[in-house]
Enquirer: 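Handing you a structure now.
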There are 4 protein chains.
Amino acid sequence: MLKIGIMGTSGYAGEELLKILLRHPEAKITAVAAKIDTAHIGKLYPWLNGMLDLECGDMSAEEVSKKCDCVFLALPHKVSMQFVPVLLKAGKKVIDLSADFRLRDAGVYEKWYEVKHECHEYIKKAVYGLPELYRTDIKKTDLVANPGCYPTSVILGCVPLLKKGFIETDSIICDSKSGVSGAGRVPAQALMFTEIQNSFRAYKVNSHRHMPEMDQELSVASGASVSVNFTPHLAPMERGILSTIYLKLKKKLDTKSALQLYKDFYKKEYFVRVMDKGIFPDTKNVARSNFCDIGLQVFPEKSLAIVMTAIDNLVKGASGQAVQNMNIMYGFEEKAGL
Amino acid sequence: MLKIGIMGTSGYAGEELLKILLRHPEAKITAVAAKIDTAHIGKLYPWLNGMLDLECGDMSAEEVSKKCDCVFLALPHKVSMQFVPVLLKAGKKVIDLSADFRLRDAGVYEKWYEVKHECHEYIKKAVYGLPELYRTDIKKTDLVANPGCYPTSVILGCVPLLKKGFIETDSIICDSKSGVSGAGRVPAQALMFTEIQNSFRAYKVNSHRHMPEMDQELSVASGASVSVNFTPHLAPMERGILSTIYLKLKKKLDTKSALQLYKDFYKKEYFVRVMDKGIFPDTKNVARSNFCDIGLQVFPEKSLAIVMTAIDNLVKGASGQAVQNMNIMYGFEEKAGL
Amino acid sequence: MLKIGIMGTSGYAGEELLKILLRHPEAKITAVAAKIDTAHIGKLYPWLNGMLDLECGDMSAEEVSKKCDCVFLALPHKVSMQFVPVLLKAGKKVIDLSADFRLRDAGVYEKWYEVKHECHEYIKKAVYGLPELYRTDIKKTDLVANPGCYPTSVILGCVPLLKKGFIETDSIICDSKSGVSGAGRVPAQALMFTEIQNSFRAYKVNSHRHMPEMDQELSVASGASVSVNFTPHLAPMERGILSTIYLKLKKKLDTKSALQLYKDFYKKEYFVRVMDKGIFPDTKNVARSNFCDIGLQVFPEKSLAIVMTAIDNLVKGASGQAVQNMNIMYGFEEKAGL
Amino acid sequence: MLKIGIMGTSGYAGEELLKILLRHPEAKITAVAAKIDTAHIGKLYPWLNGMLDLECGDMSAEEVSKKCDCVFLALPHKVSMQFVPVLLKAGKKVIDLSADFRLRDAGVYEKWYEVKHECHEYIKKAVYGLPELYRTDIKKTDLVANPGCYPTSVILGCVPLLKKGFIETDSIICDSKSGVSGAGRVPAQALMFTEIQNSFRAYKVNSHRHMPEMDQELSVASGASVSVNFTPHLAPMERGILSTIYLKLKKKLDTKSALQLYKDFYKKEYFVRVMDKGIFPDTKNVARSNFCDIGLQVFPEKSLAIVMTAIDNLVKGASGQAVQNMNIMYGFEEKAGL
């Protein structure tokens, strides 16, 4: 059994890792760290009582590293980069769910995250952990930069058409709607039940930190310099992201051909499901699963394709994809535990 | 006191009319009709007990007309057009919440609604009941065609920029999110609590019946033939619509000027609130009110304006606007009861 | 117009007072205070923009008192008692929504609230603001101690049977379920949307601070020393309390007679609706209204009566009742604004 | 691999069986039947696409029986009893989630369910599938009558104290709160999202069909003839039951001893978790799991014990327990798949 450590257990991504890894046939959780007073993990998560018998507390990377083979970092950006060198030097494999190693260009990182990047050399080692695009590299790396939730939903929705040169790359519009767990677990008045239940609103319009990540990967796919328009919205639901993507066509295309193109592109991908004509994704169909559902329709008379993707922000958008990456890194069945 | 009849009391728009009109200082509800066995209205709506003492049942337009001065039709399309002639001939004023008299072109109506329009002559008499655009006409008419919920949110968001010629009229994208009450009260598995709570999805992509209504009014505003792209979504909340509208600019513009343009355009409108720079609307701030909140940001380097509007689909999107129209028709204070 | 001040505007009860008083035909809000940096009230509550033009900030009781005739205190316990003397000495009428003047016995107050009561002399002046029981006294007082939400729901449900001596006073069981707004607006992880949406749980089992208030009033009603069993629960909804009350009978009774007894007891009370046989209250029917709905059934073979009451915790359970009290104190129509 | 059939796949219990059994290491779903037009199961449940490749349609018990070793009946009462004989005669093991074989006394069944029981002889063969009480019998039977959701939550909460004779058996009060999935999937206006979201109400007060099931098992446990008071409530959440049980004590007891008694009683039971003093169960901690959490507190001065239990109505209250029973019947690890 592979011994697993989780740092940042007290957030939603950390909690989701626990749920998934407890069902994993090849992995065993052996260390759980969080910035809390040390106590049995069942105190933090009463649902876990009887299922996992570990103390959870504020452990250093060194301590965690002694107890595990593979470490998941479900930490805020900036914190991860302090732990990654320690863990890699100790010979561990690391899957980092923060943003610290996702952007190839440290300058872009520093601009968007407004902090100095302190370990440039690891950026080069890191592989962007979107298995549908980088499986071969993931197999060989010790450091996966697990993608953001919104980028996962947008990139998987755009790449097939972009790669084939169908899209005007200067006018991509991504209108995304996310469940509230995406906003994290730090208490805030705006996230209270009473405030959220009847609330639907956009935030960080064309200024969300996930944008450079989308731009980076869509530029790779298209060969052009892409700069997306991205409007994230908060929806009154626990989990799930639906991204509605508007793509201006520069070549003739119809719905049937476009769907075929997506089905071909993802034909070996278990976790991407391209829907039939006239059917669109629904977040409830991917809730608590690692699937990304994709539906689309082309409006040739308007030179427009509308692509929709649905994922669970905590699973394919975070912890599920992280475990998928682990499975690839260790040669397990890719859907083990998922 | 103006005597009010409501036909179609058993749907959500009918119920909302009851709520609003009970608080109205100049109106008194005197007839409530619905396709149900006749019973005290408190049986249909227990919340009304003690507040309204009327029988509700399946009354004809003739019967209703005898008891009222002004009749609200909260009926399905096709049904309204059977009642309107009767009521107008009896000298009543009518506010029709259905789609039957919204479209100036009966052919367009017949294409989208797939039924024959049986009273063309009344289409000409009807005024499209968006007070911010047609107040003068509303004052003089006996028949108001109350706008659809989505069109209200989209038209109010687009008109100021469109009128001034800032927008490429062939690439307007409206991404709208609506609460579930917009889907009506007829039981359906897809609308059950258990099915909706974790569900976010699009429906009727670029094929919703509210599109010709938007096209008609945006064409009037712009002087061009507009054909919007419209993607409605169902959000897991009771009420509210947020429309995120993407407008391609054909002239130079910045956020400050655009906001000023909207503030000027709506400066005499009590029910339209243009927000300050950097602030975007939230459905919870318009819940149960007749306000339409508008926020926007311009991205000059991308030649894009993003306009967002929030309304309550049952109030400014239906029954509140209907009462606003009544207030205008009868010379009451425009916000009476609202 | 009566000039109204609200202290504690930033909590849910304060916000609800704003909603109700803005519709009040005889009252005008002239001062709004809260422990925040002074700013236009529309910044705190964007829904208010265009409706109320006042600055809100950290004002002293003296400052508020200069601007108003009548002051609502929507403050935490212990804070109210510091302001009440100032306001009363300035000749204002005060409606206090905190617990500070509800309990006749300062010792009981000090035991349950674990603070010293610093103005015993005002306890005697205060009238417990449950209009259905104390209307005559409310008319004459300058200081109303507005009841707690749970006590309102329990007392109104028990008093008719208790007064007539039908109930074993030593085994009253009140199983109450409250919406989340009852827990207030201070951010806490346990109250976040993501934590609440699937959560149903009891808290403060037989140890909630509203118990002595119930005991006090039920003891008055019964003439015995009542000590209720009270289990409050948190339900995943915004507002509403349903109390299910189990009463052991010591005399013969059937459902029909019991209902008649309640209908007689409340026959002059607009805001209490006793339901017909076989019908039970639903929080949705009292949402945003000042009604208390009561349903009951007697099981003679088990010597048990089950009484259920539904109120909106923020309206009849707080701010609506407070306005009802104001109406009584000033001789306005009792349902004005409600 | 054990071949599994599910009849009644289109309801919530059927859907939950699919979720659980797909993760089961020893079982393989080979037939899925429902009263719908035959189609790929992915049409009924889009979340299943890629995970299960079966047609689902209106199959007879004979057809299902040919494809499986073990059949789950997630059917309405009265329907199950028509299929059970066929399946048993064909040598299959059957786990029936309906009420048809839960009550030992056919007369009681006929009174509460208002239909004739047509296969009395199978009532004797059936074992009441509450593993914590009947594990030995379950091991040996071919027909399990899977308990109702409310009875599971009430019986597990009462039995330890009842068995030891601590409780007055004539005054047990069970106040239960259930998520909406308990009401099934048949569309009804009262179950629509818009109707439920702000609704909390009781229903079938002391007249719910799960009562005779509780009475039967609590009578067995206590040796007396128990007749519970049972008030079920509908809470605005997807799943979960919290039962708050009020037990009058006839012997001295304190919280510590009572908790010890429960911990001893359930010490070998993986799926029952007795909580520590001062901690009470929360439905969210058992959501999507087969656990039953129990918390309690004794109030000696009031001779009252309050016991609370939380289960997921679709898991421990239905399909999870059904799989637990299957595991016992086939000698699998009891928590396999759960």
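FYI, side chains are in, hydrogens and waters are out, and symmetry mates aren't considered; it's all heavy atoms of this structure. The sequence lines fix the lettering, A, B, ..., with proteins before strands; numbering per chain opens at 1.
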Enquirer: Heavy-atom count check: over 12 atoms from other residues, nucleotides or ligands less than 6.0 Å from D/Lys78 NZ?
Expert: yes
Enquirer: Measure the spacing between CG of B/Leu314 and OG1 of D/Thr194 and express it to the nearest 0.5 Å.
Expert: 8.5 Å
Enquirer: Taking every non-hydrogen pair under 4.5 Å, which of B/Arg185, B/Arg239, B/Met237 racks up the most with chain D?
Expert: B/Arg185
Enquirer: Kindly give the heavy-atom pair with the smallest separation between D/Gln197 and B/Pro236, and that separation in Å.
Expert: NE2-O, 4.5 Å
Enquirer: Any idea which heavy atoms bring B/Glu195 and D/Tyr12 closest together, and the distance?
Expert: OE2-OH, 2.5 Å
Enquirer: Which heavy-atom pair separates D/Gln189 from B/Pro187 by the least distance, and what is that distance?
Expert: N-CG, 3.6 Å
